[in-house]
Amino acid sequence: MAASTTPLTALPPTHRLADGPSRNFQLLQRRVVAKLKNGERLRIGIVGGSISAMPNAYGDHLVEWLNRNWPARDGSQHEVINMAIPGSESGVASICLGSFFRYSPSRDAEPPIDLLLVEFAYNDNGILPGSEGETDFTISRTSNYERIFRSALSWPIPAMVIELVSYSGDVRRPPLRNSFLSSSGYSHALVAQHYSVPVIDFAQTMYSWPQLDDLAGFYVDKGIHLSQPGHILTASLIARELILQLSIGTNASSSVIDLSKVHPDNSGPSWPHVAAWSAQPFAPTPEAPSPDAPLSPLPPARWQYGPMRQWECLSSQINHTKAALENSAVVQDGWEMMIDQSDGGRTRSKSRPGFTANSTDSHLVYDLDGRGTQGPTALLYRRSWRESADALVWLDQDKSADGAKRPSGPSCPESPVRLHGTWTTPTTQMVLDEICGGDSSWTSKADSQKPTYLHVVTVEPDREEKEGKYFKSYGFAVAG
């Protein structure tokens, strides 16, 4: 299903102040501003890619700033729970969000975090809108972001976007080119505006930086991974947004910053791109919403593909699910759990173990341990511009089956799904594709008393221009 191509300027007004505050604005005031003003500990969750996962990244600097300026009265420290995974695109977080933070709305009374920071600035660039995946789980990066926001706001947790897409080409070699309009940032902005989510726009700051010679110093490479000055600057931009939120509803004389004359309309994110493109009017500083008022409803979904489900993810990239994933691999013919150099070099790969095959006809079987008989199932795997094998993937209840000799019992789907280990974009990323949609032809025949197995068999690529025998799986996901 292709993503919506509605231009940003055509978006309808969403939750303008006259219609009441947006849910995200209410939650920012309740879960973030109120806690800081009351001297309570704040828990910040992060999802994103390798930039967010770097040592001493912006999340750590932000917590240091919070501890210095708004310390908790009981002496505890503000906390960052960093679930960023190098090379992961937003589709992984869109269904694994609950698994990342060990949270289920039906099981847990209180969410484990007070604020969610979402950063998939570069990894989503490899996924063209509406083109990712080649199975039933074909959702766009706009759909991914919508799924993340709708999940978080339903918990309910407020969100902010950390947008780091800056330049195309090499920042060390002018001329520099603004890449925002041709990047994932545009797709992220569409969804952020719809849900009134602030965008912390590091990229916009770089565009307006007065000294060209300074720019390379904010990165450790050609313009993707931030240096310590880059992380510190990003943390300061997040802090500025928090100061803005803390100032809402205060008198100008006592405000941390004077917002009595100019303040962005709260119908959209408080950042320059969207404010300018959608001609949002400036309005007086709004009143903080009443903490007793009911939460505003979520706006209607615009890009969502398929129903919202509660997924459980077992991945080698999630520390608290690694052991369970390894125990679930009941057949490893030609596969090995290992860390290698395949996922972007030494810096990325040290944190990306997975089940790896280096030959075709290798057979990996995950025991879903009671999962999968009813719900949809998906595979987490590596897709790269480097030469890689394809994989045939399916569910059944016979772990001895292989791709060449299919069992006579029920399977889902009826014919294996072929997943391509390569794509045309010059990136290496963790992606997720749905294998079984839980259709009636499977659920009516599968025996709920028997184990269900997820099979992965490597095969040669079916495209003439592609070769390779390497394939890597990071785990699986099952919806309840």
Side-chain angles (χ1 to χ4, degrees), residues 14-17 20-38 40-48 52 58-59 62-63 65-66 70 78-83 90 93-94 97-98 100-101 103 105 108-120 145-163 188-189 191-201 235 237-249 263-271 274 286-299 301 308:
T14 306
H15 293 300
R16 294 193 179 278
L17 293 177
S22 70
R23 174 178 282 228
N24 196 57
F25 176 55
Q26 288 177 295
L27 291 172
L28 283 170
Q29 291 293 310
R30 292 185 188 184
R31 297 200 67 97
V32 179
V33 171
K35 283 198 170 188
L36 291 179
K37 287 183 174 179
N38 292 335
E40 299 177 53
R41 179 173 67 104
L42 201 66
R43 299 160 300 174
I44 300 174
I46 296 177
V47 293
S52 297
Y58 60 83
L62 178 64
V63 165
W65 175 81
L66 286 169
W70 278 278
H78 297 294
E79 181 183 5
V80 61
I81 304 174
N82 194 337
M83 292 305 302
S90 58
S94 74
L97 198 65
F100 283 170
F101 298 105
Y103 177 69
D108 304 309
E110 179 67 14
I113 57 175
D114 301 300
L115 173 65
L116 178 66
L117 304 182
V118 184
E119 179 275 308
F120 289 101
Y145 257 62
E146 180 163 50
R147 196 181 289 255
I148 291 172
F149 291 159
R150 293 190 76 86
S151 295
L153 292 171
S154 296
W155 282 4
I157 291 295
M160 293 183 182
V161 172
I162 314 300
E163 195 60 53
H188 300 164
V191 194
Q193 185 188 41
H194 190 57
Y195 289 89
S196 298
V197 172
V199 177
I200 313 304
D201 194 4
L237 296 175
I238 303 171
R240 185 173 67 179
E241 179 65 33
L242 291 178
I243 290 173
L244 185 150
Q245 295 293 330
L246 283 156
S247 301
I248 288 174
H263 179 76
D265 184 342
N266 199 54
S267 63
S270 54
W271 68 314
V274 174
E287 293 296 324
S290 169
D292 299 324
L295 285 175
S296 298
L298 286 170
M308 288 289 292

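This chain uses plain numbering: 1 for the first residue, then up along the sequence. Worth saying up front: this structure is predicted, and the values here are computed from it rather than measured.
Side-chain atoms of Ser296 come within 3.5 Å of backbone atoms of Pro21 as a donor-acceptor pair (strictly under, hydrogens ignored). Using modelled atom types, one side-chain atom of Gln29 and one backbone atom of Gln245 make a donor-acceptor pair closer than 3.5 Å. Judged by distance alone, with hydrogens and angles left aside, the side-chain atoms of Asn82 form a donor-acceptor pair with the main-chain N or O of Ser52 at under 3.5 Å. Remark: the backbone N or O of Arg31 is not paired with any side-chain donor or acceptor of Glu40 at under 3.5 angstrom.
Taking the side-chain contact (heavy atoms from CB on, under 4.5 Å) definition, one finds that Ser154 meets it with Leu298, sequence neighbours left out. Partners of Phe149 by ring pair (Phe, Tyr, Trp, His ring centres under 6.0 Å), not counting sequence neighbours, listed by chain and number: Tyr145. With sequence neighbours left out, the side-chain contact (heavy atoms from CB on, under 4.5 Å) criterion links Glu79 to Arg41, Arg43, Ile81. Residues passing the side-chain contact (heavy atoms from CB on, under 4.5 Å) test with Val63 are Asn67, His78, Val80, sequence neighbours excluded. With sequence neighbours excluded, the residues satisfying side-chain contact (heavy atoms from CB on, under 4.5 Å) with Asp292 are Ser290. By the salt bridge (charged side-chain N to carboxylate O under 4.0 Å, His left out) test, Arg30 pairs with no residue at all, sequence neighbours left out. Under the rule for a ring pair (Phe, Tyr, Trp, His ring centres under 6.0 Å), Phe101 has no partner lying at least two apart in sequence or in another chain.
Rounding to the nearest 0.5 Å gives a distance of 10.0 Å between CG of Leu28 and CG of Leu244.
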